[in-house]
Chemist: 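My questions all concern the structure below.
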Amino acid sequence: MERYDAHTTEAKWQRVWEDADAFRVVDALPEGERSEKSYVVEMWPYPSGTLHMGHCLVYTIGDVITRFRSRNGWSVLHPIGFDSFGLPAENAAIREGGHPRETTERNISNITRSMRRMGWALDFSRMISAHEPTYYKWDQWLFLRLYEADLAYRKAAPVKWCPVDQVVLANEQVHDGHCEYCGAEVEAKYLEQWFFRTTAYAQELLDDLDKLDWFHKVKTMQRNWIGRSEGAEILFHVDQLGEDVSVFTTRPDTLYGATFFVLAPEHPLVAELTERSPHADALRDYVRRAAAKRGEERAGAEEKTGVFTGFYATNPVNGAQVPIWIAEYVLMDYGTGAIMAVPAHDERDEEFARTFELPIVPVIDEDDRLVNSAQFDGLPADDAKRAIVDWLAESGRAKHAISYRLRDWGFSRQRYWGCPIPIIYCEEHGAVAVPDDELPVVLPYIEDFKPRGIAPLAQAEDWVRAPCPTCGKDGRREVETMDTFVDSSWYFLRYCDPHNTEQPWRRELADFWNPVDVYTGGVDHTTMHMIYARFFMKALNDLGLIGHREPFVQFFTNGWVQLGGTKMSKSKGNVIAPEEIIDRYGADAVRLYILFIGPADQDMDWTEEGIEGMVRFMRRLFRIVVDVAENAPRGEPAVNALSRKAHETIARVTDDIGRRQSFNTAISAVMELVNELSHAGVSDPSARFAAETAVSMIQPYAPHLAEELWERLGHSRLWMERWPSADESQLARASFELVVQVNGKVRDRFEVAIDTAEEELVALAKASPRVHAHLNGATVRKTIVVPHKLVNFVV
RNA sequence: GCCGAAGUGGCGGAACUGGUAGACGCGCCGGACUCAAAAUCCGGUUCCCGCAAGGGAGUGAGGGUUCGAUUCCCUCCUUCGGCACCA
């Protein structure tokens, strides 16, 4: 008996597909011939190391969708590329030893070879990589458009600075506030850095989530990340300075309970206060130490700390003079960097008040009504929020305001392996954009690229020196590179026109394919990449560069592949290398099993026994189909149990892949059909139909095996074969199993003709001896009949 | 602390709209083939009582709605994920 040989079969069909250029997508079809488009994208991988199981899962999900949609008449674009710039690739180079360019390109070619072995229907003719000048030229071009539109800007932002080594330190290089290299106390230094104005779209990013077909949990994560809070901005006057200071609060109803006032150590007013304060030395010391701490250190502090400034602010509702403190528990980058402290109704303020023995005045009672609040006493807190702000607004002391947790995206990196920011600094003209016709600004080849604290590009003196585009005098290039998330914010647009040397993309192509219909990737990219890409799409739409405002209609988040209950990782040593599994069992087995373990959006545990079970299924399918091909009669299949099962399978698999995206149950459905076919034997033409159906339905998962069997059944090119549809008339059953319950408990079940009238069903049910025993002569109070399902007697 | 998701056999999971809980697979048990093994095939497999027929219990716990609840509602427990000194 011939046994299925995965290796020769897979190689054979991969060659056939390649020769036929099967997965190249033509997008220049004339108007009338255009079929409905579908754009299927999986997150492009970092080219670090080799292909891993996580990749197998993501790209197989996308591949099943691609092959299914393609056979259903869609024109499907399913491209691939590499996120080859940035920290992951650079760290891989440091780990693997070598220059990032070499390690990156070696990894890309290895991973690409593995991808071809997996049989994924990817259009390799469109392959792009972020580190190629032909790609990052357009990063630079897009940056310049955003810069012109004031959506990219420079501002001073705090970095960790070692005063001894005179370098910027990464967060990880700071230990307990001290420099990793020399041990000196780290300071905060304000350096000019690049930002994208993501906050300009905060509200739209929030609102448009409603339009997207994303998992609930993913939308929730983005909502929390954007973190919209409704409240008010209120002005407190500082008489001694003659200045107003604004605070943001969500609880204006508690204004009468504000007994002190706190500024973040980074607040712009702090410098002036310090200068004029009687406690100047203490203030300076406190601010310096707070600045050196990492955010987590400040957040993790066990006790509240702070220093009194000696100044007072006027509470606008009652004229009370409240002391102004500086404390690190107030953050500069949320709200206004200053708060009114209401210790009676805020835990943090209360803790602070108790530490420094400041007064605590309750202004809301147990019934949620105001007390100690002058004319607002008795008002419900919710009403008071509005009333107090409206009242203060009359004198210009308050306004309703909304605050977001979302911050502008700081995208400059002091690393080597990234896209150069096309800016030249001129003494006279400041930051000047490199003209479009001088793009790309090519990343110079540097031997010593490892992070040192100063940007590695600064060493490339020849490269750094460049004439100012405005005046031609000596200038210096920006030496920081772009965050790799810039590359991934628009790559799905580049796929649509990947070889264009004149533009990042042609509008009609990008508008035709976009938005991405199904985007697959890890949840871990929800709050960064997925926000940035959405921001880019909105900004590019406002700039007239693209016709859409949302990049991803559907976002399918895949689970983690685990081994023994924990996520596979090299450091834990619990990694299964896909290449080895392919060597042993073939790619189809991996593809089938990874989707059969469980729902693809949930974490799954890989087992050796599991994949062996899948291999058994494939061998069984092969054997029975070969038997059918050789022995089953041809002709019109009888309408029998087997042919009906085949039609049911078509209906289920179509629904499972097409609508529910329940990839594991679709495989189960095919297994059921194969089981039934095995039992039914090959004597009837319906066996041929059942076999063809099983092969056709398993094709999106196991394309090599399916193609081979399709050929043996006397056909060709299954990948182009129209996806079948179930024949409704063949799905109709002549009878059904009637379930009879007494008081909701199943007491009997038997076959009944489909058209049996309700009264007759009841009569048949009552006649059953088993039911009779349970009715036990009692009076039937109620009889429920569910057509084609059951009869329930209530006694 | 806030927000979200999930708890079903020995294991992964299925049950889509309130209607037969446990599909499909793994594992295990028994059998066939074989000198034997592997491979393959056949049968069984939620738990408890029973030789069996059959009966009882059962979807994290407790309550509710309903003729009927894994599914809807309330309370609680556990696990996982996100955010977190966000005013």
Side-chain angles (χ1 to χ4, degrees), chain A residues 1 3 215-225 227-229 231 247-251 254 258 262 264 295-296 298-301 304 327-331 333-342 345-349 351-352 403-407 523-524 526-527 560 592-593 596-599 601-614 616-617 619-620 623 652 655-656 659-660 662 664-672 674-675 678-679 737-749 770 773 780-795:
Chain A
M1 183 67 166
R3 190 154 143 173
F215 289 126
H216 178 78
K217 65 168 177 189
V218 174
K219 288 191 189 185
T220 305
M221 280 166 71
Q222 284 213 349
R223 285 198 186 98
N224 291 344
W225 188 261
R228 179 191 151 103
S229 295
V247 300
F248 174 78
T249 179
T250 55
R251 296 295 305 277
T254 63
V262 190
E296 310 89 80
R298 270 168 71 162
K304 290 275 177 290
E328 62 180 15
Y329 84 92
V330 173
L331 309 173
D333 47 11
Y334 184 76
T336 62
I339 63 156
M340 60 174 218
V342 185
H345 304 290
D346 182 280
E347 266 183 48
R348 299 151 298 175
D349 296 346
E351 200 189 318
F352 193 84
S403 194
Y404 298 93
R405 206 200 73 107
L406 184 75
R407 315 221 167 115
V523 244
D524 47 329
T526 299
T527 50
W560 297 120
L592 272 167
Y593 180 57
F596 181 71
I597 307 177
D601 59 318
Q602 284 166 38
D603 294 350
M604 56 199 75
D605 210 57
W606 180 279
T607 66
E608 192 66 33
E609 294 84 3
I611 191 155
E612 278 166 8
M614 193 50 72
R616 277 201 288 275
F617 164 71
R619 285 209 275 253
R620 214 155 103 85
R623 212 178 321 112
R652 275 175 64 186
D655 194 48
D656 280 353
R659 180 183 63 89
R660 299 176 63 205
S662 173
N664 54 328
T665 51
I667 300 171
S668 298
V670 179
M671 286 173 165
E672 281 184 49
V674 173
N675 288 346
S678 302
H679 289 115
E737 191 178 53
L738 178 71
V739 171
V740 187
Q741 299 180 332
V742 178
N743 285 344
K745 290 196 169 175
V746 180
R747 294 303 175 187
D748 201 3
R749 52 187 83 170
R770 296 180 201 207
V780 174
R781 290 212 336 266
K782 199 169 173 186
T783 303
I784 286 120
V785 182
V786 182
H788 299 159
K789 283 236 163 75
L790 60 78
V791 173
N792 186 15
F793 296 113
V794 185
V795 298

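Throughout, protein chains are lettered first and strands after them, A, B, ... in sequence-line order, and every chain is numbered starting at 1.
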Chemist: Using 0.5 Å steps for rounding, measure from the CH2 atom of A:Trp560 to the CD atom of A:Gln602.
Modeler: 14.5 Å
Chemist: Using the rule side chain to side chain contact (heavy atoms under 4.5 Å, CB included), only one of A:Leu790, A:Val739, A:Val740 pairs with A:Val746; which is it?
Modeler: A:Val739
Chemist: Classify A:Glu737 by what it touches in the nucleic acid, base, sugar-phosphate, or nothing, heavy-atom distance under 4.0 Å.
Modeler: base
Chemist: Give none if B:U40 has no partner; otherwise give the nucleotide forming a Watson-Crick or G-U wobble pair with it, both distances under 3.5 Å.
Modeler: B:A32
Chemist: For RNA chain B, whose closest nucleotide is more 5', that of A:Asp346 or that of A:Arg749?
Modeler: A:Arg749
Chemist: Sort out the partner of B:A87 for me: Watson-Crick or G-U wobble, both distances under 3.5 Å, none otherwise.
Modeler: none
Chemist: Using a heavy-atom cut-off of under 4.0 Å over every strand shown, decide if A:Arg652 touches base, sugar-phosphate, or nothing.
Modeler: nothing
Chemist: Taking atom C1' in both B:G18 and B:U66, compute the distance separating them and give it to the nearest angstrom.
Modeler: 9 Å
Chemist: CG of A:Asn743 versus C1' of B:U66: gap in Å, rounded?
Modeler: 13 Å
Chemist: Atom CG of A:Asn675 to atom P of B:C24: distance rounded to whole Å?
Modeler: 7 Å
Chemist: Taking the minimum atom-to-atom distance to the side chain of A:Trp225, which one of B:A39, B:C83, B:C85 wins?
Modeler: B:C83
Chemist: Looking at B:C16, which nucleotide sits across from it as a Watson-Crick or G-U wobble partner, both distances under 3.5 angstrom, or is there none?
Modeler: none
Chemist: Taking 4.0 Å as the cut-off, does a side-chain nitrogen or oxygen of A:Arg770 come that near to OP1 or OP2 on B:A53?
Modeler: no
Chemist: Taking a pair as Watson-Crick or G-U wobble with both distances under 3.5 Å, which nucleotide is matched to B:A57?
Modeler: B:U46
Chemist: Taking the side chain of A:Arg619 as heavy atoms from C-beta outward, which of B:U20, B:C67, B:A39 is closest to it?
Modeler: B:A39
Chemist: In whole Å, what is the span from the CG atom of A:Asp655 to the P atom of B:A15?
Modeler: 11 Å
Chemist: What nucleotide among B:G27, B:A87, B:G19 has an atom nearest to a side-chain atom of A:Ile784?
Modeler: B:G19
Chemist: Please state the P separation for the pair B:A52 and B:U46 - nearest whole angstrom.
Modeler: 14 Å
Chemist: B:C28 and B:U78: how far apart are their P atoms, nearest whole angstrom?
Modeler: 35 Å
Chemist: Check the distance between B:G27's C1' and A:Phe617's CZ and give it to me in whole angstrom.
Modeler: 20 Å
Chemist: When the P atoms of B:A69 and B:G58 are considered, how many whole Å apart are they?
Modeler: 11 Å
Chemist: So A:Ser229, base contact, sugar-phosphate only, or nothing? Heavy-atom distance under 4.0 Å.
Modeler: sugar-phosphate
Chemist: So how far is it from A:Arg652 CZ to A:Ser668 OG, rounded to the nearest 0.5 Å?
Modeler: 7.5 Å
Chemist: Can you sort out the partners of A:Thr665 under side-chain hydrogen bond (donor to acceptor under 3.5 Å, both in side chains), two or more places apart, ordered by chain and number?
Modeler: A:Asp656, A:Ser662
Chemist: Which one is paired to B:G25, where only Watson-Crick or G-U wobble pairs with both distances under 3.5 angstrom count?
Modeler: B:C11
Chemist: Examine B:A84: is either OP1 or OP2 under 4.0 Å from a nitrogen or oxygen in the side chain of A:Arg405? Give yes or no.
Modeler: yes
Chemist: If you compare all heavy atoms of A:Asn743 against all heavy atoms of A:Val794, which two are closest, and at what distance to 0.1 Å?
Modeler: OD1-CA, 3.4 Å
Chemist: Using whole Å, what does the distance between atom C1' of nucleotide B:A69 and atom CD of A:Gln741 come to?
Modeler: 12 Å
Chemist: Residues in salt bridge (charged side-chain N to carboxylate O under 4.0 Å, His left out) with A:Arg747, at least two apart?
Modeler: none
Chemist: Polar pairs (N or O, both sides) under 3.5 Å between protein and nucleotides 41-43 of chain B?
Modeler:
unit_1 : atom_1 : unit_2   : atom_2 : d
B:C42  : OP1    : A:His679 : NE2    : 3.4

Chemist: Tell me whether the side-chain N/O atoms of A:Asn664 come closer than 4.0 Å to OP1 or OP2 in B:A14.
Modeler: yes
Chemist: Write down the distance between CZ (A:Arg407) and P (B:C83), rounded to a whole number of angstrom.
Modeler: 13 Å
Chemist: Is the backbone of A:Val791 close enough, under 3.5 Å, to the side chain of A:Gln741 for a donor and an acceptor to pair up by distance?
Modeler: no
Chemist: Taking atom C1' in both B:A23 and B:G12, what distance in whole Å separates the two?
Modeler: 13 Å
Chemist: Under the 6.0 Å and 45° cation-pi test, does A:Lys304 pair with A:Phe352?
Modeler: no
Chemist: Would you mind classifying the nucleic acid contact of A:Asp333 as base, sugar-phosphate or nothing, using non-hydrogen atoms under 4.0 angstrom?
Modeler: nothing
Chemist: Identify, between A:Arg348 and A:Glu612, the residue whose nearest nucleotide on RNA chain B lies closer to the 5' end.
Modeler: A:Glu612
Chemist: Look for any protein N or O under 3.5 Å of an N or O in nucleotides 10-12 of chain B and output each such pair with its distance, or none.
Modeler:
unit_1 : atom_1 : unit_2   : atom_2 : d
B:G12  : O2'    : A:Ile597 : O      : 2.7

Chemist: Pick base, sugar-phosphate or nothing for A:Lys304, based on heavy-atom distances below 4.0 Å to the nucleic acid.
Modeler: base
Chemist: Go ahead and name the base partner of B:C80; Watson-Crick or wobble counts if both distances stay under 3.5 Å, otherwise write none.
Modeler: B:G4
Chemist: Looking only at heavy atoms, which two atoms of A:Thr526 and A:Gln222 are closest? And how far apart?
Modeler: O-NE2, 3.0 Å
Chemist: As a test of reading the structure: which of B:C26, B:A87, B:U20 is closest to the side chain of A:Val746, going by heavy atoms?
Modeler: B:U20
Chemist: Rounded to the nearest 0.5 Å, what separation is found between the CZ atom of A:Arg620 and the CZ atom of A:Arg616?
Modeler: 10.5 Å
Chemist: Heavy-atom count check: over 12 atoms from other residues, nucleotides or ligands less than 6.0 Å from A:Glu347 CD?
Modeler: no
Chemist: Check whether any side-chain N or O of A:Asn792 sits under 4.0 Å from OP1 or OP2 of B:U66, and answer yes or no.
Modeler: no
Chemist: Does A:Asn792 have any side-chain hydrogen bond (donor to acceptor under 3.5 Å, both in side chains) partners at least two apart in sequence or in another chain, and if so, which?
Modeler: none
Chemist: Just verifying a value: how many Å separate A:Asp748 CG and A:Arg770 CZ, rounded to the nearest 0.5 Å?
Modeler: 5.0 Å
Chemist: I want to verify the glycosidic state of B:G9; is it syn or anti under the 90° rule?
Modeler: syn
Chemist: Pick base, sugar-phosphate or nothing for A:Gly335, based on heavy-atom distances below 4.0 Å to the nucleic acid.
Modeler: nothing
Chemist: Can a donor-acceptor pair be found, under 3.5 Å and without considering hydrogens, that links the side chain of A:Tyr593 to the backbone of A:Thr607?
Modeler: yes
Chemist: CE of A:Met221 versus C1' of B:C80: gap in Å, rounded?
Modeler: 13 Å
Chemist: Is any side-chain nitrogen or oxygen of A:Lys789 closer than 4.0 Å to OP1 or OP2 of B:U17?
Modeler: no
Chemist: Hey, does A:Val330 reach any base, or is it just sugar-phosphate, or nothing, if we go heavy atoms under 4.0 Å?
Modeler: base
Chemist: Write down the distance between CE (A:Met671) and P (B:C26), rounded to a whole number of angstrom.
Modeler: 7 Å
Chemist: Polar-atom pairs under 3.5 Å, protein N or O versus N or O of nucleotides 2-7 of chain B: list them with distances, or write none.
Modeler:
unit_1 : atom_1 : unit_2   : atom_2 : d
B:G4   : O3'    : A:His216 : NE2    : 3.3

Chemist: Starting at CD1 of A:Ile667, measure out to CZ of A:Phe596 and round the result to the nearest 0.5 Å.
Modeler: 6.5 Å
Chemist: Quick one: pull up CG in A:Asp333 and CZ in A:Arg407 and give me the separation to the nearest 0.5 Å.
Modeler: 3.5 Å
